[in-house]
Amino acid sequence: MLRQEIQMIAQYRWWLLAMQASVVVLPLISLLVWRGAISHGARPPVTREYLTTYLVLVSLVTMLTSSWTARFLAESIRLGRLNTWLVRPCSTHLAAAANNIGEKAAKLATLLPLVAALVVAFQGDFDPPAEPRRWLLFAWALAMGATMTFSLDIVVGSLAFWWQDISAVDRFRQLITLLLSGALVPLAVMPAAWGPFLAVQPFGYIVAFPIDTLLEPSAVTLRAGLAIQLGWTLLSLGAARIVWRRGLRRYQGAGA
């Protein structure tokens with residue numbers, strides 16, 4: 001299934017290029033605005049190197065931790081297409097997982113050259129760590145963030161067992177994620193009074209925290225962040241399982 005998904009998405013090469021170019025444009029604009037503000041005397045709570053490295057990497061992290069399962073899952077529930085998976089001896093979410101991983105692999109091949117171009121353009125201020133341990137933590141945090149997003153997508157998509165249309169809920173969840181994950185604005189430059197809330201809310205562990213595993217120098221902060229992220233990931237997996245199993249009891253698709 002994974003091979004089929006990669007082969008299918010590879011047929012849309014120009015679409016992939018256009019989509020990943022649009023993913024890079026937003027953080028690039030933000031980076032240019034911040035650099036311009038700093039050059040005119042602005043003093044953000046983080047360094048110029050931090051902002052540059054963060055905003056160069058944010059498009060890559062956002063793509064790798066993203067998910068688009070909710071609307072397709074809701075459609076399969078609403079139209080009765082879920083039936084074909086309920087009779088198979090495997091998880092009903094296997095197709096969504098294969099699609100998610102396969103499409104990300106294809107997108108990664110397109111996105112990496114664009115990110116590399118940003119690294120070259122801003123290499124004077126691009127300052128990632130050299131320690132392999134930090135990159136291992138980064139990979140772990142990415143996996144946890146992607147798992148959390150996929151689980152939340154299942155929760156939202158499963159609402160179609162009760163509601164005819166879950167698009168408004170999905171859009172609201174995406175907006176909240178955009179604002180609180182650090183994909184739009186680095187959480188480190190948010191108002192200091194928001195600090196305690198931002199440190200415990202789940203969405204920041206999808207985008208901001210994986211990047212901070214590379215940029216945050218404090219081992220104590222990293223350990224606390226990894227523990228909180230693992231807690232939110234397990235909670236989202238549990239919520240997805242509970243909502244899905246309860247929803248199946250109400251399922252009345254044709255032929256179910």
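Taken to the nearest 0.5 Å, the CG atom of Leu230 stands 6.0 Å off from the CH2 atom of Trp140. Summarising the geometry, atom NZ belonging to Lys104 is positioned 13.0 Å from atom CD1 belonging to Ile6; distances are rounded to the nearest 0.5 Å. The distance from the CG atom of Leu82 to the CG atom of Leu248 is 6.5 Å, given to the nearest 0.5 Å. For the atom pair OG of Ser66 and CD1 of Ile206, the computed distance is 10.5 Å after rounding to the nearest 0.5 Å. Remark: Leu64 CG to Ile101 CD1 distance equals 11.5 Å, nearest 0.5 Å. Rounding to the nearest 0.5 Å places CG of Leu237 at 3.5 Å from OG of Ser151.
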Residues 195-203, side-chain donor-acceptor partners within the protein, below 3.5 Å, at least two apart:
| residue | atom | partner | partner atom | Å |
| --- | --- | --- | --- | --- |
| Gln201 | OE1 | Phe203 | N | 3.0 |
| Gln201 | OE1 | Gly204 | N | 3.4 |
| Gln201 | NE2 | Leu180 | O | 2.9 |

* Asked: Are Arg173 and Asp153 close enough, and set up right, to give a side chain to side chain contact (heavy atoms under 4.5 Å, CB included), and what steps lead you there?
  -> CA-CA 9 Å; Arg173 190 279 308 262; Asp153 254 26; 2.4 Å; yes

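At a threshold of 4.5 Å between non-hydrogen side-chain atoms, the residues Ile38 and Leu51 count as touching. Using a 4.5 Å heavy-atom threshold, the side chains of Val189 and Tyr54 count as separate. At least one side-chain heavy atom of Leu235 sits less than 4.5 Å from a side-chain heavy atom of Trp232. Looking at Val23 and Lys107, their side chains never come closer than 4.5 Å, going by heavy atoms from C-beta outward. A heavy-atom distance below 4.5 Å is not found between the side chains of Val155 and Ser236. A heavy-atom distance below 4.5 Å is not found between the side chains of Ile154 and Val243. Using a 4.5 Å heavy-atom threshold, the side chains of Ser30 and Val185 count as separate. Counting heavy atoms from C-beta outward, Leu137 and Leu226 have side chains that approach closer than 4.5 Å.
Applying the ring-ring contact (aromatic ring centres under 6.0 Å, His included) test to Tyr205 and every residue at least two apart in sequence or in another chain returns Phe209.
Heavy-atom contacts from other residues, nucleotides or ligands closer than 6.0 Å to CD of Gln164 number 12 or fewer.
By the criterion of side-chain heavy atoms lying less than 4.5 angstrom apart, applied directly or through intervening Ile, Leu, Val, Met, Phe, Trp or Tyr residues, Leu152 is grouped together with Phe172 in one hydrophobic cluster.
Taking every heavy atom of both residues into account, Leu215 and Thr53 meet most closely at CD2-CG2, 3.6 Å.
Here Asp165 does not pair with Arg78 in a salt bridge; the nearest charged N to carboxylate O distance is not below 4.0 Å.
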